[in-house]
Amino acid sequence: MTTTLSLEAELARLIVDALHLETAPEEIDPEAPLFGEGLGLDSIDALEIALAVSKRYGFQLRSDDERNHRIFGSLRALSAHIETHRTG
Amino acid sequence: MPAEALLPLTARAPGEVLFHRGAEPVTAGRFLAEAAALAARLPVEGPVLNFCADRYLALLGFAAALMRGQVTLLSADRSAPRLADIARLHGARYALSDTDVALPLPVLRPEATPGAEAPNPLIPAGAVAAIAFTSGSTGEPQPHAKPWGALVAGARAAAARFAVAPGTSIVGTIPAQHMYGFETTLMLPLQGVGAGHAGPVFYPSDIAEALAALPAPRLLVTTPLQLRALLGTGIALPPLAAVISATAPLAESLAAEAEAAFGVPVLEIYGATEAGSVASRRTVEGEAWRPYPGVAFDIGAQAAQAIVPGLPAPVPLADVLEDLDEGRFRLLGRRGDMVKLAGKRASLAGLTRILTTLPGVEDGVFLAPPDLDGNPQARLAAAVVAPGLTAAAVVAALRYRVEHAFLPRPLLLLPELPRDAVGKLRREDLLRLARRG
């Protein structure tokens, strides 16, 4: 559980830095949608996050059939996805 | 070409591969049969709003609508409010989609079901086959009608310009409903050469996997942002025949890096939703653009227009052009207050108008940072006077009115805007505000 929480915090920092967001990392609601309503990210941001994640965690995000970017559903969902797939 | 000229739905022979659905090749003959089967199941009246993410289904829906004489409305923006706007303003009777979106009209899920052998119908060149949309200065979607003849001429010109070899696999990363994606990944296989890839393809790993699963030669049709992500992740791609980029200016340094990494020419398309693709260049060879075969430019000091085969009138362009030798031209910059992000154009004045009509907003202005054209990460900024509202609340209200790529980042809340004695905002003050972002 501690690992998950710290990965979540680390990821929040990564997203804020990669996207030059004004939000503080700790202000990102881990359960809120990253796209649209919540943090308001868009497809340009999705590519930036994919790039940052590949550099930091050594694995590639992909579309598969998740056309609505399901793994980008929330910070928590993305964090869990990275936890499962990370190599770095 | 005369408007009454009849042009077949596909220029491909029945046995040629038109598309790849996963590992499964689809011939032109099978495509026609499946399109006819779908056409028979469509509602009686169009227009049809087609926002299928799967490129093959998008093409099938478009072809089936053509067979029924129905116009297809293309929206690259798949957000429900935008789709509902287009449907309402342009009289869509139903939608075709492979994803679930709640809209105030029937949404049908197209399927590729085998059908009896079907003829290759002839379509009048002057018939409006599709309508593409841009954001107008009021924020409402502006329609741009695409006669069938213009779409066919564009596809043939692209096939000739890029010397696409028979059997080329075409992997695209742009939505099929974006004009650039529509032309290069649907119309090019339908009327020119090569076989499309159904997708979805968005992230670098998607691109690598899609290319690896398809036979050579392989053509990658993408954007500067995705090229940057591909190079940034360092992901390996199978051998390519060429890379085509559009939607935003491609930096020469990025083009050179991509050419070195992939060992092929990186070609860039110049176009606009209104005109379609109208010119191209190999970015590393310099700033001169060559008009597409059959396209002419009328270049004045303040404005330029493109004369495009199949379109009824010259198309004004949003950029300032300079005439070079042999019909070539150079881009001098954006005209007026037009900005472009994520392949979509908007006017700052139009965005500002939307901003200032939001409830609770007393004054406001959208600002473009000076590096907007050169920095792929650059965003618009906004300065707003809205006592009692938070920045987040203003952004949330804007989200329903403007395309997400244009949402201001940052949005500065100010007690008042720096207006001069006659109420005008001074350019220097605005730039200073924009830089604070």
Donor-acceptor under 3.5 Å (B/T233 side chain, A/L51 main chain)
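Side chain of B/T233 to backbone of A/L51, a donor-acceptor pair under 3.5 Å: no, none is there.
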Using non-hydrogen atoms and a 4.5 Å limit, figure out which bit of [X] sits close to chain A: side chain, backbone, both or neither.
X: B/R78; answer: neither
X: B/Q226; answer: both
X: B/I235; answer: side chain

Write down the atom of B/F202, the atom of A/A46, and the distance for their closest heavy-atom approach.
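So the two residues come closest at CE2-CB, 3.9 Å.
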What distance separates B/D206 CG from A/Q60 CD, expressed to the nearest 0.5 Å?
9.5 Å
Report the distance from atom OG of A/S43 to atom CG of B/D77, rounding to the nearest 0.5 Å.
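Answer rounded to 0.5 Å: 9.5 Å.
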Go through the steps to decide whether B/R379 and A/L19 satisfy the test side chain to side chain contact (heavy atoms under 4.5 Å, CB included), and finish with yes or no.
CA-CA 10 Å; B/R379 298 285 187 153; A/L19 307 181; over 6 Å; no
What I'd like to find out is whether the side chain of A/L47 reaches to under 4.5 Å of the side chain of B/P204, using heavy atoms alone.
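A side-chain contact exists here, since the closest heavy-atom pair is under 4.5 Å.
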Does A/D45 pair with B/R409 as a salt bridge, N-O distance under 4.0 Å?
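Salt bridge flag = yes for B/R409 with A/D45.
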